[in-house]
Amino acid sequence: MSPSKTIGILGGGQLAKMLATAATDLGFNINIYCPDRDCPAAQVANKMVFGNYYEIENVVAFAKNVDVLTYEFENIDTKALEELEKIVSIRPSIKALKISQDRYTEKNYLNSLGIKTTQFYKIDEVSDIEKLLIELKKPILLKTRRLGYDGKGQVLIKTQKDIREHFLRNKLPPSIAEELVNFERELSVIIVRDKKGNIKTFEPGENVHENGILVTTTLPSSTRKALKNDATTIARKIVADLDYIGVMGVEFFLKEHEIYVNEIAPRVHNSGHWTMDGSYSSQFQQHIRAIMDLPLLSTERHSDVIMYNLIGRVTSNLVNDELAKVYIYGKKKISPRRKMGHINLIKKKGS
Ligand code: AMP
């Protein structure tokens, strides 16, 4: 261990806070760069640097003072990071970030590896949507190629009237349209890979989303073992191909015997929060270990667990449950679709 080393994190939200906690447990210093003075990570960081992500000079100055740079969200200008790469080691790599920032690039990349995604179409003009609706004769989900998360940037289009109404008020950014998948369930795999190519995967968790936002992750999932294995194999293929270092979240749709990747996140992921209490290691510890070249830990699950997101609230009837592990992120402002915390409700494995 080299506890005197400093890790820089771009972003100061809850993921950065939990990464910072895991890093400080190992004695590392944590420097955070983010625009928000009240951000959750400020509660645990050694040093905060406030600035916007487009202020490249400030970001470069920040990066000069850290040994390794990582990030908690994908929507960072990769041009700025290319500058930074000359002075500091960035983990996970910019390549993974570039692919995952653009849904169209991401799906083409996955298909090029022989991995199935939902059927998707490139949308540059409103007329592309009109034509597609006529051609497919079924509803489509319009998603912005960039900057969409937690269901943001998504519109369900069922009729030509929906198109007219939506674009009376809104402009069309570069987008994709997806066919709606009538999936049976959603699964995700949290995977970690180190510089030497060692890979560990957590058991796939089953996710429930409402209005595009993750509500619960449950372990174990009753999904058939063969499909869980397929999900894990796909996640392994992706991190190996990218020569990836760190934790990645891979989200899947499952339908009968078929499995599609919905999206990849080159970072720790909300659907991996259960690992904090259900497994011998957490996704946050694993990410810090991978990026700091420390040996990876066991990803074995020791408890059954349901992770409940606290969305738009900081209370729940679960908070006082004897087996509830409560995490409140410390965000100053509560708003209806904002993730304010989460609860891991654990149970003895198999009970
Ligand atoms: P995304 O931002 O693409 O991860 O979408 C958020 C959530 O919306 C997913 O986890 C699904 O629950 C739902 N969703 C996204 N795309 C589709 C689709 N093509 N068909 C059905 N549901 C979808």
Side-chain angles (χ1 to χ4, degrees), residues 13 15 72-75 96-97 99-111 115-123 128-129 132-133 135-158 162 166 173-191 204-219 221 223 227 231 234-235 238 247-256 258-274 306-309 311-312 336-339 342:
L15 299 179
E72 63 142 16
F73 67 112
E74 327 37 349
N75 295 313
L97 197 66
I99 290 171
S100 64
Q101 304 189 311
D102 181 330
R103 290 184 193 271
Y104 184 68
T105 313
E106 179 181 78
K107 286 182 199 292
N108 278 315
Y109 165 73
L110 292 166
N111 291 169
I115 296 169
K116 274 194 203 160
T117 58
T118 52
Q119 196 63 43
F120 65 101
Y121 307 86
K122 188 162 171 271
I123 301 290
D128 295 337
I129 316 170
L132 190 64
L133 203 60
E135 198 184 304
L136 296 176
K137 297 187 187 63
K138 51 185 172 186
I140 48 178
L141 194 57
L142 198 61
K143 298 181 177 181
T144 55
R145 283 174 62 168
R146 290 174 169 270
L147 302 174
Y149 66 96
D150 289 345
K152 282 185 195 144
Q154 300 192 11
V155 200
L156 180 65
I157 304 279
K158 291 184 181 159
D162 288 346
H166 183 74
S175 297
I176 59 162
E178 281 182 29
E179 291 183 18
L180 275 187
V181 182
N182 192 11
F183 53 78
E184 275 153 29
R185 51 182 113 210
E186 293 189 76
L187 217 62
S188 60
V189 170
I190 305 298
I191 186 163
E206 186 161 331
N207 300 324
V208 174
H209 289 81
E210 278 170 21
N211 303 319
I213 305 187
L214 181 69
V215 189
T216 58
T217 303
T218 301
L219 276 288
S221 158
T223 307
L227 278 177
I234 290 170
I238 299 168
V247 164
M248 175 184 277
V250 185
E251 291 184 272
F252 298 88
F253 292 152
L254 264 51
K255 198 181 160 190
E256 288 145 27
E258 295 199 279
I259 182 159
Y260 306 87
V261 171
N262 174 34
E263 63 180 4
I264 59 176
R267 53 171 170 79
V268 284
H269 194 257
N270 191 173
S271 67
H273 291 0
W274 69 270
I306 305 179
M307 189 286 305
Y308 296 86
N309 265 339
I311 300 164
R337 290 174 62 85
R338 203 165 189 213
K339 291 174 182 165
H342 71 270

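Both ligands and their constituent atoms are indexed starting at 1 by order of listing.
Closest to atom 19 (N) of ligand 1, if we only count protein heavy atoms, is Glu178 OE1, 2.8 Å. The single protein non-hydrogen atom nearest to atom 17 (C) of ligand 1 is Leu141 CD2, 3.5 Å, given as residue, atom name and distance. Nearest protein neighbour of atom 2 (O) of ligand 1, counting heavy atoms only, is Gln154 NE2, 2.8 Å.
With ligand atoms numbered from 1 in the order given, ligand 1 contributes 12 (O), 21 (C), 22 (N) to contacts under 4.0 Å with heavy atoms of Phe183. Near Phe253, the atoms of ligand 1 lying under 4.0 angstrom from a non-hydrogen atom of the residue are 11 (C), 14 (N), 15 (C), 16 (N), 17 (C), 18 (C), 23 (C). Taking every heavy atom of His209 and a limit of under 4.0 angstrom, the matching atoms of ligand 1 come to 10 (O), 12 (O). Close contacts between ligand 1 and Leu180 involve ligand atoms 20 (N), 21 (C) [criterion: under 4.0 Å to a heavy atom].
Of the candidates Met248, Glu74, His269, Ile264 forms a side-chain contact (heavy atoms from CB on, under 4.5 Å) with just one, namely Met248. Tested against His209, the residues Asn262, Val215, Asn309, Leu214 include a single side-chain contact (heavy atoms from CB on, under 4.5 Å) partner, Leu214.
Selection from Pro139, Ala177, Gly212 by nearest heavy atom to atom 8 (O) of ligand 1 gives Gly212. Within the set Glu210, Arg103, Glu186, Lys143, the minimum heavy-atom distance to atom 10 (O) of ligand 1 is found for Glu186.
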| Please walk me through it: do Phe252 and Tyr260 pass side chain to side chain contact (heavy atoms under 4.5 Å, CB included)? | CA-CA 5 Å; Phe252 298 88; Tyr260 306 87; over 6 Å; no

**Report entry** Stepwise side chain to side chain donor-acceptor pair (under 3.5 Å) check, Tyr121 with Glu179
**Finding:** CA-CA 9 Å; Tyr121 307 86; Glu179 291 183 18; 2.6 Å; yes

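Remark: the Thr218 side chain and the Thr216 side chain contain no N/O donor-acceptor pair separated by less than 3.5 Å. In the model, Asn270 has a side-chain atom that pairs as donor or acceptor with a side-chain atom of Lys339 under 3.5 Å. Side-chain contact annotation: Asn111 with Thr117, donor-acceptor N/O pair under 3.5 Å present.
Using cut-offs of 30° and 60° on the angle between ring planes, the pair His342 and His273 is tilted.
Between Thr118 and ligand 1, no N or O atom pair is found at a separation short of 3.5 Å. By the 3.5 Å distance cut-off applied to N or O atoms, Val181 is counted among the residues near ligand 1.
Contact annotation for Asn182 and ligand 1: no heavy atom of the residue comes within less than 4.0 Å of the ligand.
No more than 12 heavy-atom neighbours from other residues, nucleotides or ligands sit within 6.0 angstrom of CD on Glu210.
Shown here, atom 6 (C) of ligand 1 is in close reach of the protein: a heavy atom of it lies under 4.0 Å off.
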